[in-house]
2 protein chains.
Amino acid sequence: MSTDHSKKPLVSYETLLLQFKELLKQSNPPLKFTKQREIILSTLYTHSGHYTPEELYEIIKRENRDLKTGIATIYRTLSLLENAGIVTSISFGTQGKKYELGVKAHHDHLICTKCGKILEFFDEEIEEKQAQIAKEFNFKMEDHSLKIFGICPECQKIEKERQNANNKKEAKN
Amino acid sequence: MSTDHSKKPLVSYETLLLQFKELLKQSNPPLKFTKQREIILSTLYTHSGHYTPEELYEIIKRENRDLKTGIATIYRTLSLLENAGIVTSISFGTQGKKYELGVKAHHDHLICTKCGKILEFFDEEIEEKQAQIAKEFNFKMEDHSLKIFGICPECQKIEKERQNANNKKEAKN
DNA sequence: CTTATTGCAAACGTTTTGCACGTTT
DNA sequence: AAACGTGCAAAACGTTTGCAATAAG
């Protein structure tokens with residue numbers, strides 16, 4: 001298994017930006033390159049990680065006091081970027097989606113159910129198995145998503161400490 | 001790989017109902033066995049498959065003209081049944097969840113992106129790999145979800161037929 | 001007779017949309 | 001100048017909740 005913890009995307013921002021501009025130009029009808037779209041892209045680039053539209057909106061508002069960017073534009077741009085394959089999303093039931101720059105290699109997720117932290121992993125064997133299963137069912141595979149839910153090491157530690165504290169208290173009584 | 005296409009749950013309805021009644025009685029405080037709860041359970045039993053609360057609501061309304069059952073009760077009962085481990089859910093991003101009777105063995109899902117059909121599979125090797133990965137990350141695994149998205153054989157066929165029809169039309173012009 | 005459960009409607013949080021105005025091309 | 005993009009507020013969507021009436025134990 002290979003683990004990919006790199007916090008930096010694989011391409012430079014210049015390359016990414018060019019890629020994005022090219023995409024806009026090639027669209028039919030051609031789309032426009034706006035300040036808002038640039039800021040959303042650059043924010044995703046500089047803040048490597050998984051964000052809800054709301055979280056991204058807060059970061060952008062805080063870091064760009066001069067330019068107004070509405071939440072609707074965040075949603076619209078994230079959809080655009082996702083359809084273009086520039087970002088990918090991971091969904092959390094009714095509680096929404098989190099987005100990340102998708103220029104990294106494909107990977108799956110470990111999600112902490114206590115603190116919401118997301119770790120990434122990649123396993124070639126599982127990838128192959130999935131393709132094989134799709135084939136067996138005559139499914140034309142388009143995508144797949146593997147999520148492992150659990151408690152991360154840090155939260156396990158916190159849990160243990162809380163238990164110890166409780167035990168001490170009970171011992172006193 | 002073992003494939004489980006059985007459209008019938010593993011236990012009889014009588015057994016399931018007893019299990020449910022026992023569960024209600026054992027709760028603290030004890031919960032009540034109502035007509036609505038029985039109908040929701042029996043509808044899930046007789047209509048094997050995956051349903052959104054809305055879909056279940058429509059089925060129940062159609063098949064039980066005499067008893068009024070509100071959508072809120074569907075939601076409340078599905079939560080109850082899920083917490084009790086009697087049904088399981090599979091979530092679809094912002095578009096909600098689908099529920100199924102969960103007395104069957106654990107399995108993962110193949111989901112058709114055209115028609116929404118859900119097929120089930122189980123692969124021991126993938127299961128093991130997941131447990132191993134969680135261990136490597138010191139994650140205390142609670143659950144996992146593997147979804148393969150793609151186009152089912154039927155929809156592939158429909159797609160091909162549509163293409164053929166289009167080709168003929170173009171040939172005419 | 002007590003307590004949980006119900007349907008209803010209102011509230012909720014997230015996402016989408018209509019529209020007049022601004023910006024990019 | 002033409003057309004796309006924007007912010008805003010309202011609407012839409014799936015889900016949850018408060019409440020008075022009802023049914024189960």
Side-chain angles (χ1 to χ4, degrees), chain A residues 17 20-41 43 50-58 60-61 64-84 87 89-99 116, chain B residues 17-18 20-41 43 50-61 64-84 87 89-99 116:
Chain A
L17 192 58
F20 184 45
K21 284 186 178 174
E22 193 56 29
L23 170 92
L24 295 172
K25 208 181 296 180
Q26 300 304 327
S27 289
N28 190 317
L31 306 175
K32 289 169 179 171
F33 181 70
T34 64
K35 289 189 179 58
Q36 286 84 350
R37 284 175 179 169
E38 155 136 49
I39 284 189
I40 292 167
L41 188 66
T43 304
H50 304 78
Y51 301 96
T52 62
E54 190 70 38
E55 287 167 347
L56 206 51
Y57 175 61
E58 291 304 327
I60 288 172
K61 216 166 47 177
N64 302 272
R65 299 258 159 83
D66 47 328
L67 178 67
K68 205 161 250 194
T69 306
I71 185 95
T73 298
I74 308 270
Y75 276 99
R76 286 186 279 229
T77 303
L78 285 173
S79 291
L80 176 63
L81 290 169
E82 185 170 23
N83 289 333
V87 308
S89 72
I90 163 173
S91 63
F92 288 83
T94 313
Q95 299 91 260
K97 283 176 165 188
K98 290 192 177 188
Y99 292 83
Chain B
L17 192 59
L18 270 166
F20 183 45
K21 283 186 178 176
E22 193 55 29
L23 170 92
L24 295 172
K25 208 181 294 179
Q26 300 305 328
S27 290
N28 191 316
L31 305 175
K32 289 169 181 174
F33 180 70
T34 64
K35 290 190 179 57
Q36 286 85 347
R37 284 176 179 168
E38 154 135 48
I39 282 188
I40 291 167
L41 188 67
T43 303
H50 304 78
Y51 300 97
T52 62
E54 191 69 39
E55 287 167 346
L56 206 51
Y57 174 61
E58 292 304 327
I59 295 173
I60 288 172
K61 216 165 48 177
N64 303 272
R65 299 259 159 83
D66 45 330
L67 179 67
K68 203 160 250 193
T69 306
I71 186 97
T73 298
I74 308 270
Y75 276 99
R76 286 186 281 230
T77 303
L78 285 173
S79 291
L80 176 64
L81 290 170
E82 185 170 24
N83 289 333
V87 307
S89 71
I90 162 172
S91 63
F92 288 83
T94 314
Q95 300 89 262
K97 282 176 167 189
K98 289 193 178 189
Y99 293 83

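In this text, all values refer to a predicted model and were calculated from it rather than measured experimentally. Chain naming here is simple, since letters A, B, ... match the order of the sequence lines and numbering starts at 1 in each.
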J.: Where do B:Leu23 and B:Ala84 come nearest, in terms of heavy atoms and distance?
T.: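 In terms of heavy atoms, the two residues are closest at CD2-CB, 3.4 Å.
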J.: Would you say the side-chain atoms of A:Glu58 pair up with the backbone N or O of A:Glu55, donor to acceptor, closer than 3.5 Å?
T.: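 Side chain of A:Glu58 to backbone of A:Glu55: no pair is present.
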J.: For A:Leu80 and D:dT6, give me the distance from atom CG to atom C1', rounded to whole Å.
T.: 14 Å
J.: Can you see whether B:Phe33 has B:Lys21 sitting over its ring - NZ or CZ less than 6.0 Å from the centre and within 45° of the normal?
T.: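 Yes, B:Lys21 lies over the aromatic ring of B:Phe33.
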J.: Rounded at 0.5 Å granularity, tell me how far CD in B:Gln26 sits from CG in B:Leu31.
T.: 11.0 Å
J.: Under 4.0 Å from a heavy atom of chain B: give me the 5'-most and 3'-most nucleotides of DNA chain C that qualify.
T.: C:dT3 to C:dT15
J.: Search all heavy atoms of B:Ile74 against all heavy atoms of B:Ile40 and return the closest pair with its distance.
T.: CA-CD1, 4.0 Å
J.: Please check: side-chain N/O of A:Thr43 versus main-chain N/O of A:Ile39, any donor-acceptor pairing under 3.5 Å?
T.: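 Side chain of A:Thr43 to backbone of A:Ile39, a donor-acceptor pair under 3.5 Å: yes, one is there.
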J.: Indicate for each nucleotide in nucleotides 15-25 of chain D, in 5' to 3' sequence, whether protein heavy atoms under 4.0 Å reach the base (B), only the sugar-phosphate (S), or nothing (-).
T.: BBBB-----BS
J.: Whether the B:Glu82 and B:Ser89 side chains hold a donor-acceptor pair (N or O, under 3.5 Å, no angle test) is what I'd like checked.
T.: yes
J.: If you take all heavy atoms of A:Arg37 and A:Lys32, which pair is closest and at what distance?
T.: NH1-O, 2.8 Å
